[in-house]
Amino acid sequence: ACRAASSSPPRFFSFSAKDMKHRLGFLLQKSDSCDYSSSQGKKEKISSSQRLSQEEVRKWADSLENLIHHDRGLAAFRAFLKSEYSEENIEFWVSCEEYKKTKSPAKLSPKARKIYDEFISVQATKEVNLDSCTREKTSHNMLEPTLSCFDEAQRKIFTLMEKDSYRRFLKSPYYLDLVSPPGAGCGPENCKRNHTHSLDCNSNIISQCA
């Protein structure tokens with residue numbers, strides 16, 4: 001039977017490979033799925049543009065850029081980093097990307113300070129691993145923040161992920177379960193209907209059918 005994806009466990013809980021599959025299934029629930037509502041039990045129609053193809057997933061192995069510039073690839077990588085307690089790296093990278101889209105000069109300083117306090121300062125709650133030189137330079141950039149003030153720090157963290165966690169991601173269930181051939185589809189006879197909510201079975205992403 002298909003099991004509904006459970007909510008993410010607390011940060012400090014360890015979890016098995018099966019738990020990881022459930023977590024990733026939840027994150028990627030927009031992908032090819034069979035959705036049966038409690039009232040109608042009809043299969044939700046999903047356009048081909050919404051489906052996650054095997055070709056797209058394989059491209060994630062070509063480069064870290066391909067992976068994190070794809071919405072679902074980013075979600076999968078973020079989930080993997082969270083399992084390794086190092087999600088601050090991708091969160092910092094994403095924050096920098098968003099920061100560079102700032103259009104109002106008046107918002108640069110407060111946004112820059114927020115990123116600095118959260119990821120770079122000595123008392124940062126999600127401190128990223130930067131060398132002292134890069135940290136000092138970024139600190140100096142805070143005096144007059146510009147759209148490029150985090151560029152060097154962002155590059156260093158990208159390189160760190162590329163050489164380390166990205167390689168492990170490609171060997172992990174988070175990626176291997178996606179790149180493997182899709183399992184048997186979930187039909188109404190295999191999906192337990194929830195009396196109050198609809199149930200998604202991500203058969204084309206991760207087989208959750210027993």
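The first residue of the sequence shown is numbered 1, and numbering continues consecutively from there. What's counted below: heavy atoms across the whole structure, side chains too, no hydrogens, waters or symmetry copies.
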Margin query: Using 0.5 Å steps for rounding, measure from the NE2 atom of His140 to the CE atom of Met142.
Written below: 11.0 Å
Check: SG of Cys149 to CD1 of Ile115: how many Å apart, nearest 0.5 Å?
Finding: 7.5 Å
Check: Within a strict 4.5 Å, meaning less than it, do heavy atoms of the Ser86 and Glu88 side chains meet?
Finding: yes
Notebook entry, point to check: What closest approach, in Å, do Cys96 and Phe150 show between heavy atoms, and which atom pair accounts for it?
Noted result: SG-CB, 3.7 Å
Next item on the list: Could you check if a side-chain atom of Gln123 sits within less than 4.5 angstrom of a side-chain atom of Asp117, using non-hydrogen atoms only?
Entry: no
Item checked: All side-chain hydrogen bond (donor to acceptor under 3.5 Å, both in side chains) counterparts of Asp131, not counting sequence neighbours -> Thr134, Lys156
Next item on the list: Taking Glu127 for its side chain and Ile120 for its backbone only, find out whether a donor-acceptor pair lies under 3.5 Å.
Entry: no
Item checked: Listed partners of Ser139 passing side-chain contact (heavy atoms from CB on, under 4.5 Å), at least two apart -> Tyr116
Note to self: Can you give me the closest heavy-atom contact between Phe92 and Val128, atom names plus distance?
What the structure shows: CB-CG1, 3.8 Å
Checklist line | Asn66 (side chain) donor-acceptor with Trp60 (main chain) under 3.5 angstrom | finding: no
Note to self: Less than 4.0 angstrom from a charged side-chain N to a carboxylate O is my criterion; do Glu87 and Arg78 meet it?
What the structure shows: no
Next item on the list: With Phe77 as reference, evaluate Phe169, Tyr175, Tyr174 under the ring pair (Phe, Tyr, Trp, His ring centres under 6.0 Å) test and give the passing residue.
Entry: Phe169
Margin query: With a 4.5 Å cut-off on side-chain heavy atoms, are Pro145 and Tyr99 touching?
Written below: yes
Checklist line | Those residues that, when tested against Arg168, pass side-chain contact (heavy atoms from CB on, under 4.5 Å) (two or more places apart) | finding: Phe80, Glu84, Asp164, Ser165
Checklist line | Reported CD1-to-CZ distance for the pair Ile157 and Arg155, which is rounded to 0.5 angstrom | finding: 12.5 Å
Notebook entry, point to check: How many angstroms lie between atom OG of Ser109 and atom NZ of Lys114, to the nearest 0.5 angstrom?
Noted result: 14.0 Å
Note to self: List the residues meeting side-chain contact (heavy atoms from CB on, under 4.5 Å) with Ser104, not counting sequence neighbours, and say none if there are none.
What the structure shows: Ala106, Lys107
Checklist line | Euclidean distance, Leu178 CG relative to Glu56 CD, rounded to 0.5 Å | finding: 11.5 Å
Item checked: Side-chain heavy-atom pair Val94, Ile68 within 4.5 angstrom cut-off -> no
Note to self: Contact between Ser95 and Glu98 at the side-chain level, heavy atoms closer than 4.5 Å - yes or no?
What the structure shows: no
Note to self: Within the structure provided, determine whether Ile90 and Met161 are in side-chain contact (heavy-atom separation under 4.5 Å).
What the structure shows: yes
Notebook entry, point to check: Should Phe158 and Glu65 be marked as a side chain to side chain contact (heavy atoms under 4.5 Å, CB included) after you check the CA-CA gap, both sets of side-chain angles, and the distance that decides it?
Noted result: CA-CA 9 Å; Phe158 179 90; Glu65 285 147 326; 3.6 Å; yes
Item checked: Worked verdict on Trp93 versus Gln154 for side chain to side chain contact (heavy atoms under 4.5 Å, CB included) -> CA-CA 6 Å; Trp93 185 89; Gln154 186 183 21; 3.4 Å; yes
Margin query: side chain to side chain contact (heavy atoms under 4.5 Å, CB included), that's the test. Do Leu67 and Leu74 meet it? Break it down for me.
Written below: CA-CA 6 Å; Leu67 174 66; Leu74 177 61; over 6 Å; no
Checklist line | Closest contact, heavy atoms only, Val179 versus Arg58 | finding: CG2-CG, 3.7 Å
Check: Is Glu91 reaching over with its side chain to a backbone N or O of Phe119, donor-acceptor style, under 3.5 angstrom?
Finding: no
Note to self: So, using salt bridge (charged side-chain N to carboxylate O under 4.0 Å, His left out) as the criterion, who are the partners of Lys100 when residues are at least two apart?
What the structure shows: Glu97
Note to self: To the closest 0.5 Å, what do you measure between OG (Ser172) and CZ (Arg167)?
What the structure shows: 15.0 Å
Next item on the list: Report the residues that fulfil side-chain hydrogen bond (donor to acceptor under 3.5 Å, both in side chains) with Ser148, sequence neighbours left out, ordered by chain and then residue number.
Entry: Thr146
